[in-house]
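A quick write-up on the structure given underneath.
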Amino acid sequence: MPENNSELKDPREWVEDLDIESTEDIAVPKMLVDQVIGQEQGVEIVRKASEQKRHVMLIGDPGTGKSMLAKSMSELLPKEELQDVLVYHNHEDNNEPRVRVVPSGKGKEIVQVQKAQAMIEKEKKAKSQMLIVFTVVGFGILWFITTGFSNPMIIFYSLIAAAFIFMAMRYTNQRNDTANVPKGLVLHKYEAEAAFIDATGAHAGALLGDVRHDPFQSGGLETPAHDRVEAGAIHKAHRGVLYIDEINLLRMESQQALLTAIQEGEFSISGQSERSAGAMTKTEPVPCDFVLVAAGNLDAIQGMHPALRSRIRGYGYEVYMNSTIPDSQENREKLVRFIAQEVAKDEKIGHFSKGAIGEVIHEAQRRAGRQNHLSLRLRELGGLVRVAGDVSIELGEDTVTAEHVMTAKTIAKPLEQQIADRYVERRKDYKTYSVKGSEIGMVNGLAVMGANSGMAEMAGILMPIVAEVTPAQYKNHGRVIATGKLGEIAKEAVENVSALIKKYTGEDISKYDIHVQFVGAYEGVEGDSASVSIATAVISALENAEIDQTVALTGSLSVRGQVLPVGGVTAKIEAAAESGVTKVLIPSMNAQDVLLDSKYKDIIEVIPVSTLKEVLDNILTASPSKEGLLDNLTKFIPSSQFSNEVKKPSV
């Protein structure tokens with residue numbers, strides 16, 4: 001096995017050395033916990049938590065295996081006899097149904113026996129009712145006969161009396177019969193496994209239980225209170241696992257009730273709506289001894305009830321999920337197994353050939369956003385696997401090939417990428433940016449769409465930024481005016497750039513109004529990754545230095561002139577290449593994160609830069625103003641501050 005990542009071949013070549021023909025030759029583990037990829041720490045903690053029945057909170061990006069880890073806990077929990085929960089009518093207080101717990105499988109038998117007994121009793125009472133009815137009618141006939149058939153109204157009155165008696169006895173007895181039959185609140189089969197209940201997005205009634213509204217509340221037509229009781233997810237998860245994703249979306253009241261249920265191990269069911277007839281009903285405590293697995297993105301912590309999180313921390317574990325793993329021999333083999341697992345789960349698509357496996361692993365490299373790493377956003381990779389399988393089926397082929405995966409990548413573009421592609425087409429038509437010649441105060445910045453969408457893939461777009469310098473509207477009160485629907489971070493970045501320009505150009509910018517426009521930023525701009533572009537455009541406008549329009553750039557800028565790393569670098573470079581740009585400047589610290597498709601190898605040059613001086617040296621066209629500006633910057637930004645060892649971007 002290679003000792004470091006640099007010895008590994010390209011995945012599309014590496015896969016040829018595997019001793020398999022396709023994913024059909026790969027064994028898929030039976031237990032869910034063994035199918036989890038790249039979350040070794042999480043797997044270890046889940047095993048411990050299952051053994052000791054501890055609560056777990058899983059925090060991380062979507063699609064990294066949180067729900068699979070939660071499901072695996074139900075398989076790992078110690079074998080424990082499950083319990084059925086029955087709810088009975090309380091003859092002393094109708095609004096406080098009684099609760100009884102029996103071994104699993106017994107509850108259904110008890111309900112069936114009680115229903116059978118109630119049916120027998122009902123038949124007996126029905127016979128008694130008919131006997132009374134016939135007696136009344138018979139008495140009327142005898143009376144009619146004894147009167148010499150002179151008064152036929154006697155028979156009519158006897159029939160009316162019999163009907164009233166029948167109706168009264170029928171509704172009274174029916175209500176009593178129903179009241180004596182228990183309701184199976186939580187029922188299991190014999191030898192059932194521990195339950196896994198997914199309560200993600202559940203409202204209060206579905207989570208904590210509820211009592212249904214009764215439109216007929218009197219007159220013998222009402223439904224007994226115990227028959228209207230409905231179990232919540234916390235009760236169905238008794239002696240099992242309760243999984244709640246995006247737990248911060250639960251209302252604080254529900255989180256508080258959930259905490260109470262965890263602490264007490266039992267929770268009474270009452271009506272959740274104050275306007276419902278069930279609001280007056282509250283059962284005896286119902287058992288709910290479950291293991292809670294809470295999950296969410298990093299922002300979920302902010303919306304959690306402090307006491308609930310404290311309970312999980314005190315009686316369980318918190319796990320931050322990996323979003324990438326090192327690109328090693330072992331981890332590549334795990335991704336091969338992942339592809340086999342997805343094929344087995346889908347049960348519709350064909351197996352993947354070696355070439356197809358190599359393309360999927362290569363895509364995992366690209367989506368990692370870091371060199372020598374593989375993405376663990378496996379739900380999205382699984383989507384690529386299924387689309388490739390659908391393509392092969394459409395073409396009538398049994399095995400998925402590399403060509404099918406390449407086609408799937410084109411078909412299964414995220415929405416952001418599709419929108420970005422149309423942006424590029426429209427901007428080419430209207431010529432809102434230039435990729436030839438040179439301009440003063442205009443620079444081709446780079447941005448990404450989908451940075452906050454929760455998707456691993458980002459779509460890059462070319463965003464022209466134009467700067468213009470005019471005399472200040474008010475003497476010595478120059479302003480920096482930025483337009484383009486800027487967010488808070490973007491506004492702060494513009495302010496930082498103005499401070500930098502004031503220091504390093506030697507210009508008193510209080511005499512000027514500096515206008516910065518983000519061209520075509522209809523959806524707004526957020527983040528500071530355009531601060532290098534802003535500084536370049538403004539300095540160009542101040543110094544009348546021309547900017548090479550064949551160059552695009554991205555990067556954050558410190559007030560000391562350092563170019564700092566940003567996100568989505570690969571997507572930005574590819575967007576620049578698609579737009580016709582031939583050279584891209586990126587932060588030197590981002591060079592290790594670049595992983596371009598081979599089709600971009602000969603059409604774009606990537607240049608890592610560390611300082612604003614290096615940016616201007618590469619993007620400004622040769623002129624006396626350029627030389628003077630660079631000399632001035634050298635005084636403030638010594639090159640010794642930065643490392644000259646820059647890792648070359650990979651293709």
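The basis for the numbers below is simple: all heavy atoms, side chains too, and nothing from hydrogens, waters or symmetry mates. For reference, positions follow the sequence shown, starting with 1.
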Is any side-chain heavy atom of [Y] closer than 4.5 Å to one of [X]?
{"X": "K66", "Y": "Y243", "value": "yes"}
{"X": "Q263", "Y": "L259", "value": "yes"}
{"X": "T324", "Y": "L376", "value": "no"}
{"X": "M321", "Y": "L58", "value": "yes"}
{"X": "L185", "Y": "T283", "value": "no"}
{"X": "I26", "Y": "I339", "value": "no"}
{"X": "M304", "Y": "I312", "value": "yes"}
{"X": "K48", "Y": "R54", "value": "no"}

If only atom types and distance count, is the side chain of [X] paired as donor or acceptor with the main-chain N or O of [Y] below 3.5 Å?
{"X": "D245", "Y": "T200", "answer": "no"}
{"X": "N322", "Y": "G38", "answer": "yes"}
{"X": "E246", "Y": "A300", "answer": "no"}
{"X": "S72", "Y": "L69", "answer": "yes"}
{"X": "H238", "Y": "H235", "answer": "no"}
{"X": "Q114", "Y": "P182", "answer": "no"}
{"X": "E342", "Y": "V385", "answer": "no"}
{"X": "H188", "Y": "Q83", "answer": "yes"}
{"X": "R228", "Y": "T223", "answer": "yes"}
{"X": "E266", "Y": "P285", "answer": "no"}

Spacing of [atom1] belonging to [X] relative to [atom2] belonging to [Y], to within rounding of 0.5 Å:
{"X": "L208", "Y": "H203", "atom1": "CG", "atom2": "NE2", "result": "10.5 Å"}
{"X": "R337", "Y": "E333", "atom1": "CZ", "atom2": "CD", "result": "10.0 Å"}
{"X": "K236", "Y": "L207", "atom1": "NZ", "atom2": "CG", "result": "11.0 Å"}
{"X": "I197", "Y": "I234", "atom1": "CD1", "atom2": "CD1", "result": "12.0 Å"}
{"X": "I325", "Y": "S375", "atom1": "CD1", "atom2": "OG", "result": "9.0 Å"}
{"X": "H55", "Y": "M73", "atom1": "NE2", "atom2": "CE", "result": "9.5 Å"}

Q. Does one side chain, of R100 or Y88, offer a donor that lies under 3.5 Å from an acceptor on the other?
A.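 Side chains of R100 and Y88: pair found under 3.5 Å.
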Q.
Exactly one of L298, I247, N297 should register a side chain to side chain contact (heavy atoms under 4.5 Å, CB included) with I59. Which one does?
A.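 Result: among L298, I247, N297, L298 is the only option passing the side chain to side chain contact (heavy atoms under 4.5 Å, CB included) with I59.
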Q: Determine the sole option in V291, L258, V293, D198 for which the side chain to side chain contact (heavy atoms under 4.5 Å, CB included) test with L242 is passed.
A: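 Checked V291, L258, V293, D198 against L242; only one passes side chain to side chain contact (heavy atoms under 4.5 Å, CB included): L258.
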Enclosure of [X] [atom1] (heavy-atom neighbours >12, cutoff 6.0 Å):
{"X": "K409", "atom1": "NZ", "value": "yes"}
{"X": "K115", "atom1": "NZ", "value": "no"}
{"X": "K53", "atom1": "NZ", "value": "yes"}
{"X": "M252", "atom1": "CE", "value": "yes"}
{"X": "E51", "atom1": "CD", "value": "no"}
{"X": "K334", "atom1": "NZ", "value": "yes"}

Taking all atoms of both residues into account, what is the closest heavy-atom pair of [X] and [Y], and its distance?
{"X": "L374", "Y": "P326", "value": "CD1-O, 4.3 Å"}
{"X": "V211", "Y": "S270", "value": "CG2-C, 3.8 Å"}
{"X": "G209", "Y": "I269", "value": "C-CG2, 3.7 Å"}
{"X": "P78", "Y": "S50", "value": "CD-O, 3.1 Å"}
{"X": "F352", "Y": "G389", "value": "CZ-N, 4.5 Å"}
{"X": "A408", "Y": "V387", "value": "CB-CG1, 3.6 Å"}

Could you check whether [X] pairs with [Y] (Lys NZ or Arg NE/NH1/NH2 to Asp/Glu carboxylate O, under 4.0 Å)?
{"X": "E75", "Y": "K30", "result": "no"}
{"X": "K183", "Y": "E230", "result": "yes"}
{"X": "R47", "Y": "D34", "result": "yes"}
{"X": "E363", "Y": "R366", "result": "yes"}

Q: Take L187 and L86 through the test side chain to side chain contact (heavy atoms under 4.5 Å, CB included) and record every step on the way to the result.
A: CA-CA 8 Å; L187 300 176; L86 303 177; 4.1 Å; yes
**Q.** Stepwise side chain to side chain contact (heavy atoms under 4.5 Å, CB included) test for S104 and D84
**A.** CA-CA 5 Å; S104 74; D84 289 346; 4.1 Å; yes
Q | Audit row: K79, E193, side chain to side chain contact (heavy atoms under 4.5 Å, CB included) steps and yes/no | A | CA-CA 8 Å; K79 295 297 180 184; E193 299 290 334; 2.6 Å; yes
Q: Would you please test H305 and Q256 for side chain to side chain contact (heavy atoms under 4.5 Å, CB included) and show each step?
A: CA-CA 7 Å; H305 195 295; Q256 180 64 54; 3.0 Å; yes
Q) According to the salt bridge (charged side-chain N to carboxylate O under 4.0 Å, His left out) rule, which pairs have a member within residues 247-263, sequence neighbours left out? A)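 Only R251-E253 qualify under salt bridge (charged side-chain N to carboxylate O under 4.0 Å, His left out).
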